[in-house]
Amino acid sequence: MLQLSGAAFTVGRSRFVDQLPGWGEATSKIYVKVQPDEWPGAILAQLDTGAAWSVFDTEIAGAIGVLAAAGEIVELDTRFGRKRGRLQRVGVTILADEGESLNVEATIFVCPDWPPGKNFLGYNGLLERIRIALDPPAYLFYFGPVQ
Amino acid sequence: MAVGIIGAFNELPHAAEPPEAALRLQRLPPSSFPLGQAGSPEAMDSSLYAQASLARFTSSASAVTESRSSLAHQAGRVAVLVDRTPARVLWSSEGLQIQIADELKVSEVIFMQASPEAIEPEHFEVFAIPGLSMIFLQEPANVQRPQAACRFEGQPSTRRTPYVSLIRSLIENDQISRARSMLNALPEEVMIQSQVRALSRVLAVPKVSTTEIKDIDRGREYQWLEEHEYQYRGQWVAVDGDKLVLSAGSLKELLDGLKRLNLRMRPLIHRFG
């Protein structure tokens with residue numbers, strides 16, 4: 001894994017994709033593998049340091065039991081306009097193909113009218129405590145915990 | 001106009017009020033924003049208001065209308081309106097230091113001893129700033145403020161502060177580090193309130209640890225998704241290696257099916273657009 005000044009900088013890595021299959025996105029983005037708690041597999045989520053919070057597809061939020069749960073009601077400006085939802089604490093695993101995966105006790109924004117298929121890993125409550133590095137030609141995403 | 005100016009604002013110049021057109025404000029009837037509606041966040045916060053803090057901004061409106069740096073709040077009709085300046089100014093409220101923004105100053109703060117319900121609409125004009133979801137009250141020039149309004153001049157005492165609303169407002173304005181700072185500075189008796197505890201939980205920095213859960217290189221799954229995107233439009237799919245495990249029109253259907261299959265390996269689950 002990557003080192004910085006002789007110390008571990010990241011602990012795991014995974015292969016990412018730069019186009020979300022089936023969504024016809026015009027520009028390339030970084031989609032990495034994650035697994036929310038109580039979820040039976042991996043999903044792809046856009047690594048988005050510009051997003052204030054992480055958000056999952058509404059059906060996924062329902063399946064992991066956070067759609068109807070209690071949480072802090074807020075209205076936020078998002079790329080899909082002003083949205084009302086709840087901030088919730090959720091476990092999310094950033095999956096590694098090599099090295100160690102990271103379990104994050106994260107805060108996500110749960111929004112009942114979020115557009116389908118759009119999963120984001122945002123800065124607050126999730127990425128803010130994760131070191132990341134990209135190797136774009138190899139499609140590799142490196143990550144580690146902030147010490 | 002009778003005003004109470006506290007702390008750091010004592011020496012700020014009293015700038016001229018801009019013409020309303022320059023503010024790009026939309027005048028709204030006071031009844032548009034009823035307080036304490038059942039089930040609303042305002043209702044949850046109402047117990048925290050023994051006093052409403054009102055403010056009036058007096059200089060360039062561009063700071064408010066063109067940036068997200070102003071802090072205003074609908075709940076409880078609390079408003080803090082700010083003006084652009086190079087100065088760094090803190091707003092002091094009940095011993096709590098709130099940094100509004102490095103590049104902003106509060107040009108004038110009026111404290112009024114009243115519950116939100118006691119704010120008489122005829123004494124204030126209610127405005128909304130289009131596109132910012134901010135609402136504030138402005139005192140018409142011809143209204144004489146009752147003496148009680150000046151009671152806290154320079155000496156805030158037992159008044160209470162709408163912490164929850166202010167923190168929520170900071171969250172909604174994407175000022176998370178400020179929301180956390182404010183939360184950390186709260187007095188103990190406030191920290192134990194359930195709403196504050198809930199905020200504290202969601203504003204906590206994420207806890208990160210390594211885990212035993214391990215995945216595999218999903219290159220083959222990515223390849224499969226790319227090759228079959230037109231075939232499975234609008235569907236949920238579960239893919240393992242270069243094989244489709246299951247497809248369904250809804251996630252529930254897919255998850256039910258996966259449960260029945262009792263797979264050894266966790267698939268990649270994807271929704272096609």
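These numbers were taken from a predicted model, which means no experiment stands behind them. Labels below follow one simple rule: chain letters A, B, ... track the order of the sequence lines, proteins then strands, and each chain is numbered from 1.
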*Asks:* Work out which heavy atom in B:F272 is nearest to a heavy atom in A:W23; give both atom names and the distance.
*Replies:*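 Smallest heavy-atom distance, with atoms named: C-CZ2, 3.8 Å.
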
*Asks:* Does atom CD (B:E227) have a neighbourhood of more than 12 heavy atoms from anything else shown, all under 6.0 Å?
*Replies:*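 Atom CD in B:E227 is crowded, with more than 12 foreign heavy atoms closer than 6.0 Å.
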
*Asks:* With salt bridge (Lys or Arg N to Asp or Glu O under 4.0 Å) as the criterion, how do A:D97 and B:R218 come out once you've worked through the C-alpha distance, each side chain's angles and the decisive distance to 0.1 Å?
*Replies:* CA-CA 8 Å; A:D97 308 343; B:R218 297 287 187 173; over 6 Å; no

*Asks:* How far apart are the C-alpha atoms of A:L95 and B:K214, what are their side-chain angles, what is the distance that settles it, and do they pass the side-chain contact (heavy atoms from CB on, under 4.5 Å) test?
*Replies:* CA-CA 6 Å; A:L95 295 167; B:K214 189 96 179 267; over 6 Å; no

*Asks:* For residues 78-105 of chain A, pull every pair meeting ring pair (Phe, Tyr, Trp, His ring centres under 6.0 Å), keeping only residues two or more places apart or in separate chains.
*Replies:*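 Found A:F80-A:W114.
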
*Asks:* Could you tell me which portion of B:S177 (side chain, backbone, both or neither) has an atom closer than 4.5 angstrom to a non-hydrogen atom of chain A?
*Replies:*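 Neither part.
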
*Asks:* Between B:L225 and chain A, which part of the residue has a heavy atom less than 4.5 Å away: side chain, backbone, both or neither?
*Replies:*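 Contact with chain A is through both the backbone and side chain of B:L225.
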
*Asks:* What distance do B:D174 atom CG and A:D77 atom CG have between them, rounded to the nearest 0.5 Å?
*Replies:*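 The CG atom of A:D77 is 8.5 Å from CG of B:D174, to the nearest 0.5 Å.
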
*Asks:* Minimum heavy-atom separation for B:T211 to A:T93, with atom names?
*Replies:*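 Closest approach of B:T211 to A:T93: CG2-CG2, 3.9 Å.
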
*Asks:* So which heavy atom on B:V202 is nearest to which on A:T107, and how close?
*Replies:*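 Residues B:V202 and A:T107, closest heavy atoms: O-OG1, 2.8 Å.
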
*Asks:* If I measure from the heavy atoms of chain B, does A:I43 come under 4.5 Å with its side chain, its backbone, both, or neither?
*Replies:*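 It is both, since atoms from each part get that close.
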
*Asks:* Out of A:P116, A:P145, A:G71, which one racks up the most heavy-atom pairs below 4.5 Å with chain B?
*Replies:*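 The candidate making the most pairs under 4.5 Å is A:P116.
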
*Asks:* With a 4.5 Å cut-off on heavy-atom pairs, point out which of B:G219, B:A238, B:S250, B:S209 contacts chain A the most.
*Replies:*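 Going by pairs under 4.5 Å, I would pick B:S209.
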
*Asks:* Minimum heavy-atom separation for A:K33 to B:I216, with atom names?
*Replies:*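 Looking at all heavy atoms of both residues, the closest pair is NZ-O, 2.8 Å.
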
*Asks:* Tell me, side chain or backbone of A:Q35 under 4.5 Å from chain B's heavy atoms, or both, or neither?
*Replies:*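 For A:Q35, side-chain heavy atoms alone lie under 4.5 Å from chain B.
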
*Asks:* Do A:P40 and B:L255 have side chains that get closer than 4.5 Å, going by heavy atoms?
*Replies:*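 Heavy-atom side-chain distance check passes, below 4.5 Å.
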
*Asks:* Could you tell me which of A:S101, A:G24, A:G41 has the largest number of non-hydrogen atom pairs under 4.5 Å with chain B?
*Replies:*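 That would be A:S101.
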
*Asks:* Heavy atom to heavy atom, less than 4.5 Å: which residues from residues 127-144 of chain A reach chain B?
*Replies:*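 Counting heavy atoms that sit under 4.5 Å from chain B, the residues of residues 127-144 of chain A involved are A:E128, A:R129, A:I130.
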
*Asks:* Report which part of B:A204 has an atom under 4.5 Å of a heavy atom belonging to chain A: side chain, backbone, both, or neither.
*Replies:*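 Both parts, backbone and side chain.
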
*Asks:* CD of B:E172 to CZ of A:R82: how many Å apart, nearest 0.5 Å?
*Replies:*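 Here the interatomic distance stands at 5.5 Å.
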
*Asks:* Walk me through it: do A:N103 and B:T210 pass the test side-chain contact (heavy atoms from CB on, under 4.5 Å)?
*Replies:* CA-CA 6 Å; A:N103 186 255; B:T210 54; over 6 Å; no

*Asks:* Which heavy atom in A:G125 sits nearest to a heavy atom in B:P206, and how many Å separate them?
*Replies:*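 Heavy atoms only, the tightest pair is O-CB, 3.3 Å.
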
*Asks:* Counting only non-hydrogen atoms closer than 4.5 Å, does A:N124 touch chain B with its backbone (N, CA, C, O), its side chain (CB onward), both, or neither?
*Replies:*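 Looking at A:N124, just its side chain touches chain B.
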
*Asks:* Sequence neighbours left out, what passes side-chain contact (heavy atoms from CB on, under 4.5 Å) with A:R86? Give chain and number order.
*Replies:*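 Expected list: A:I73, A:Q88.
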
*Asks:* With a 4.5 angstrom heavy-atom cut-off, could you sort out which part of B:I176 is near chain A: side chain, backbone, both or neither?
*Replies:*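 When you check distances to chain A, only side chain atoms of B:I176 fall under 4.5 Å.
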
*Asks:* Do A:V104 and B:K207 touch side chain to side chain, with heavy atoms closer than 4.5 Å?
*Replies:*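 A side-chain contact is absent here, since even the closest heavy-atom pair is not under 4.5 Å.
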
*Asks:* Find the distance between OG (B:S169) and CD (A:E75) and round it off to the nearest 0.5 Å.
*Replies:*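 The OG atom of B:S169 sits 11.5 Å away from the CD atom of A:E75.
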
*Asks:* With rounding to the nearest 0.5 angstrom, report the CH2 to CD1 distance, A:W39 to B:I269.
*Replies:*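 Taking CH2 in A:W39 and CD1 in B:I269, the distance rounds to 4.5 Å.
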
*Asks:* Report which part of B:R233 has an atom under 4.5 Å of a heavy atom belonging to chain A: side chain, backbone, both, or neither.
*Replies:*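 Contact with chain A involves no heavy atom of B:R233 at all.
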
*Asks:* Check whether B:H270 reaches the backbone of A:L44 with its side chain - one donor and one acceptor, N or O, closer than 3.5 Å.
*Replies:*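 Side chain of B:H270 to backbone of A:L44, a donor-acceptor pair under 3.5 Å: no, none is there.
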
*Asks:* Pull out the residues in residues 53-62 of chain A that come under 4.5 Å of chain B, heavy atom to heavy atom, sorted by number.
*Replies:*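 Hits under 4.5 Å: A:W53, A:D57, A:E59, A:I60.
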
*Asks:* First locate atom CZ of B:R271, then atom NZ of A:K118, and finally report the distance between them rounded to the nearest 0.5 Å.
*Replies:*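 That separation rounds to 11.0 Å.
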
*Asks:* To the closest 0.5 Å, what do you measure between OH (B:Y222) and OH (A:Y31)?
*Replies:*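 Spacing of OH (B:Y222) from OH (A:Y31) equals 12.5 Å.
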
*Asks:* Around atom NZ of B:K243, are there more than 12 heavy atoms from other residues, nucleotides or ligands closer than 6.0 Å?
*Replies:*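 No.
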
